[in-house]
Amino acid sequence: MTSREEVRATLSRAEATARLTAIGERFEMAEVEIRGVPTRTWVHAPASLRAVLERSLRYGDDVFLVYEDERITFGEHFRQAATLARRLGERFGIGKGDRVAIAMRNLPEWVVAFWAATLAGAVVVPLNAWWTGDELRFALEDSGSVVVVADEERADRLGGGGTALPDLRAMVVTSEHRHPEPAAPTRGVAPEEVSFADALGEVDPHAEAPEIVLEPEDDATIFYTSGTTGRPKGAVGTHRNICTNLMNLTFVNALNALRFGSGDPPPATARDGGAEGDTAGVAASGPAGDTAGGAASGPAGDTAGEPVGTRQPNISLLSVPLFHATGCHSVLVPNTASGGRLVMMHHFDPERALELIERERVTTFGGVPTMVMRVLDSPDFARRDVSSVRSVSYGGAPAPPELVRRIRSHFPAGRPGNGYGLTETSSVTCMLSGEDYVAHPDTVGAPVPVADVAVVPEDFEGEEPDPSLPSGPEVTGELWIKGPQVVRGYWRRPDETARTFTRGWLHTGDIARIDHEGYVSIVDRAKDVVIRGGENVYSAEVEDALYEHPAVAECAVIGVPHPVLGEEVGVVVVLRPGHKVTAEELTLHVRDRLAAFKAPTRVWFRGAGLPRNPAGKLLKRPLRQEVLGGGPATGAGEPQPAQGPA
């Protein structure tokens, strides 16, 4: 048998793509007009998320969700989601287009609430579970959510605001501790507050989804992304966007099977909305948004076409948050469609992850590179059986090429996977895995066939790339992306939408180059963002919080290299005359206002003003070189007092 190291592609990527996308094949493409722009789409993509969920019924008694000692089958899950969908309409008046928010850590109720709201015709608004109460309340008010489904911790944070939210009709609360849910207390957030069990009521054994027609261009989700100018903004995804991502993942697996397998890829049923592909990770740094990256754990390609009941399902360790586009679009949705099993964790812990991999015979796991490295470095690794793992996928932050070697060394049957996507591209744009990744470890892969990518000068003012622009593997510029996976814009932000999306093209804010084979390399970020362990931290919101401190005259947030997290948040501070403050005090000041991961862990105090150009623009690149390479800035990350100029 040929060893993994000796595997070679039997077809080029272009040849395999042409065969898979030919007329009449399952990845056939056609041009349709989306918001006035001709766009390539998948002919056989499911029309809506409702079609995806209905497909899951074929898996009936197979286990879908595992959380601690709980196991929920596909049939049980569908009945719960359909029952709750009807209750959302009957009890809370939820109709098509209403917003239903979810604010909780990864729990089975998150999954049920997502699919229930979708079946009810609502737009699902996943909220970052790490946010503070003020951040959660802002997103609820901005989105106009009428119902929020929350766990107790998030409900308590919301209750700390003291006043009811104007549009919110009800808050549905579940317990992550799995104790019997008591009558929900009144936190004053909404006129009605009920437990999840009360809202669900008795599950109808013959439950059917409400008769609501969902079209491809109907809004499906609003994922909030950190803003470059302060408050987060909601990226509005349609049913077409998310179902396109499902097809993108399926295509990449089929492409790998055809190029590196022993013949044609296994049969699948993409025409009725199936996802039979093993998905790899997607790295993401949004143009003005949170990362969509992380592990994209999907169904295994070798189970496609097998009779239900005899197949071996993909078993994914869900280590990424469902409130990110990757967790929702590239883990939850494809596993729902293909009968994959999701093993949920209360929170990520490498030792617990290894325990679950062994106990549940997990086939796919990942996350951001930090998570993968922590698992590989765990003292428990050598004594755990990880032989079931077939795919190790990650993204959301830069991944060192050395990680590929370590994965291949530690997981004999595992395939490394990486790629690139954004909240604004509904997760996936470029992907590569297995031998393709080994051959191109410094890239994020090539775009899927329905996506166009281009590199344009950073000061380019056109609405779409001009063929006369410089091109070639040595040319760098801002990466622009077009395709049916690109969201329709930002919720109630017409100006920012107009700046970021032009003629179907998304301006990512990432600096890239594209080689002669079409592989994309991300070389820098035009946007002012720090990617800490896969979470985007936009400098402006941290700086705004620091400027609220009376001792701060000037400040500049920078990314500081970190061996595990990739980057951590650092800040250079100039104090007001006569003021004193410690680094610890500034960190706590930010933590009181923003999610903990946004607080600076390194603080430098600078005696002189921050460097600026003649127009007054802050020059962060030289400032970063100054403080990280030695220079006028003083102070360090350790808490220490500092005094402003007299």
Ring pair (Phe, Tyr, Trp, His ring centres under 6.0 Å) partners of [X], counting only residues at least two apart:
X: W491; answer: none
X: F138; answer: none
X: Y519; answer: H440
X: F381; answer: H410, F411

Which residues satisfy the salt bridge (charged side-chain N to carboxylate O under 4.0 Å, His left out) test with [X], sequence neighbours excluded?
X: D592; result: none
X: R374; result: none
X: R488; result: D219
X: R591; result: none

Selection residues 549-563 - residue pairs positive for side chain to side chain donor-acceptor pair (under 3.5 Å), sequence neighbours left out: E554-R612
Which residues pass the side-chain hydrogen bond (donor to acceptor under 3.5 Å, both in side chains) test with [X], sequence neighbours left out?
X: E153; answer: R157
X: T238; answer: N241
X: R154; answer: D151

Assess the pair H507 and F460: is the distance between their ring centroids shorter than 6.0 Å? no
How far apart are the closest heavy atoms of E541 and L594, and which atoms are they? O-CD1, 3.6 Å
